[in-house]
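The sequence lines fix the lettering, A, B, ..., with proteins before strands; numbering per chain opens at 1.
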Protein chains: 2
Amino acid sequence: MKNYELVLQQVEADLAAGRLRLGGRLPGERALAEQLGISRPSVREAVRVLEALGVVRTATGSGPEAGAVIVAEPSAPLTALLRLHLATSHLPMHDIVQTRVLLESWSAQEAAGLFAEKARHEVAGEDLVAKLAVAEELLERMDGEGLSPEEFHLLDAEFHVALAGLAGNVLIAAVMGSLRSAIHGYVLAAVPNLPNWDATAIGLRTEHRAIVAAIRDGQGDDAARLVTEHIEGFYRAARLSSPTW
Amino acid sequence: MKNYELVLQQVEADLAAGRLRLGGRLPGERALAEQLGISRPSVREAVRVLEALGVVRTATGSGPEAGAVIVAEPSAPLTALLRLHLATSHLPMHDIVQTRVLLESWSAQEAAGLFAEKARHEVAGEDLVAKLAVAEELLERMDGEGLSPEEFHLLDAEFHVALAGLAGNVLIAAVMGSLRSAIHGYVLAAVPNLPNWDATAIGLRTEHRAIVAAIRDGQGDDAARLVTEHIEGFYRAARLSSPTW
DNA sequence: CGAGCGGCTGTGGTCGGACCACAGCATAGC
DNA sequence: GCTATGCTGTGGTCCGACCACAGCCGCTCG
């Protein structure tokens, strides 16, 4: 048993037992070291791991914001995980695209179902409408003139993540967000492969609007199909089917 | 920019550029520290992070197995990630079950499609058959008498992960494996909720065999439906719809 | 009396050096 | 030729020190 693992065990146990909770703070590194009978470097290695897993956020200085604060940020570590394993070339780009299609088409279908239910039962669904409004606002911004491919793609990524959030599954939304972030650099690098960026952007905008319309109208099958074609079409056009360039 | 992040960047860049590859080794901690102009403790923190993310495996001693060896083990860190964030109650059990249903039903459908294609085109597919054989062997072992719920469930988890692997998407298979590992403890704790464990086990065995048969026969829709019912049925029976006990 | 400013304190961030345990390997001795 | 022993390089751990940072408190000056 390596020493730093003692800290991980301790923190996990404290979390599970409720002795540590969101917003709380870990004891100082020096105090933790003395409590567990290990050295400060060992404690620091453990804190780094917790930080890498999105469990704590560290900051220097003093006050309530300083120190190792307990947070719950699964997306960032998921992104790092995917990026690194993508870099090892043991995570084929094809698998990532396939996963995106699966998660996003499911989300679209689910979201459309929620809208259909809302229409049938006259249920509230303000939350749903608000989320869709956020997505549509992103579409507006994507209509702006003079957007660079990078700016456009950042908005596009946000839009897709917002769509995934419509279904209300935080795990799937987190995975989607991480997938987008992890491949962002790769997608940008593939933009020059496109025969005509402006034409591509116009097509993407049109497809986005069709997807939103299908979801709002509760047409789940249409929404899922449109999302699938949208994603696969782009990756095919950008010849982004492989992580080897 | 913290110093240890220099190491992460360097390693990621080396991985992407092919200067580091699977099975290769990182330079020694002392060498790495000198190369980047930082101290060994900083390097060590970075190596810990890489280890926590499943990118390297460290070992003492000398020889080709010693040092920081590049590996690609995304499942272990994913499991840790999910476990920790489950503990913070920011990951509802319902979302996890929903995700399982999505990933597993997709995998089953995809795998059935592969079998159907294999039957049509007389293509090789030894790999596919071998994987299915592994899954079936797990079913045999699950037939054993006197299995404790824990032993049964471990085999069950392996079986489901094997099914997810049939579709050949390493990302989805990894996520599935991590989901199973992360909730293993929760599922076991819910076994007492079942009215009759022996009867449940018999039902699960029957359903498993039906799923395998549907996949082998290339009946994708049936396979997906059976998987969905199988998973949802169990969670409903175990009243495992919420992370609060 | 009040407001502003400057140390004080506690936090993480970094460093250099030291020693240990371990595993392989080369070499000396049998 | 074979065995055993020490050498070497690896990560694992520790110590003590110093730095940068941010909030807090008290002092000083207007």
For the helix from C:dC1-D:dG30 to C:dC30-D:dG1, figure out the bend between the end axes, five pairs an end, and round to 10 degrees. 30°
Judged by each residue's nearest nucleotide on DNA chain D, which is more toward the 5′ side, A:Gly61 or A:Lys2? A:Lys2
Under-4.0 Å side-chain N/O to phosphate OP1/OP2 contact, A:Thr58 with C:dG13: yes
Could you check whether atom CZ of B:Arg21 has more than 12 heavy atoms from other residues, nucleotides or ligands sitting under 6.0 Å from it? no
For residues 66-77 of chain B, which residue pairs qualify under salt bridge (Lys or Arg N to Asp or Glu O under 4.0 Å), counting only residues two or more places apart or in two chains? none
Filter on salt bridge (Lys or Arg N to Asp or Glu O under 4.0 Å), then keep only pairs touching residues 54-72 of chain B, sequence neighbours left out; what's left? B:Arg57-B:Glu65
Can you name the residues that form a salt bridge (Lys or Arg N to Asp or Glu O under 4.0 Å) with B:Glu151, not counting sequence neighbours? none
When we call it a touch if two heavy atoms are under 4.0 Å apart, what does B:Arg48 touch: a base, just sugar-phosphate, or nothing? sugar-phosphate
Report yes or no: does B:His85 contribute a side-chain atom to a donor-acceptor pair with the main-chain N or O of A:Leu53 at less than 3.5 Å? yes
Okay, side chain of B:Asn169, backbone of A:Asp95: is any donor-acceptor separation there less than 3.5 Å? yes
Could you check A:Ser62 against B:Ala68 and say which one's nearest nucleotide on DNA chain D is further toward the 5' end? B:Ala68
Can you list the residues that meet the salt bridge (Lys or Arg N to Asp or Glu O under 4.0 Å) rule with A:Glu45, with sequence neighbours excluded? B:Arg44, B:Arg48
Residue closer to the 5' end of DNA chain C, B:Arg30 versus B:Glu45 (nearest nucleotide): B:Glu45
Presence of B:Arg44 side-chain N/O under 4.0 Å of C:dC15 phosphate oxygens OP1/OP2: no
Can you tell whether the side chains of A:Glu158 and A:Arg141 come within less than 4.0 Å, N to carboxylate O? no
Nearest-Å distance, CD1 (B:Ile38) to C1' (C:dG17)? 17 Å
In terms of heavy-atom contacts, does CD of B:Glu34 have more than 12 from other residues, nucleotides or ligands at under 6.0 Å? no
Send over the distance from B:Arg40 CZ to C:dC19 P, rounded to a whole Å. 14 Å
Anything under 4.0 Å to a heavy atom of chain B counts; send over the first and last such nucleotide of DNA chain D, read 5' to 3'. D:dG9 to D:dT13
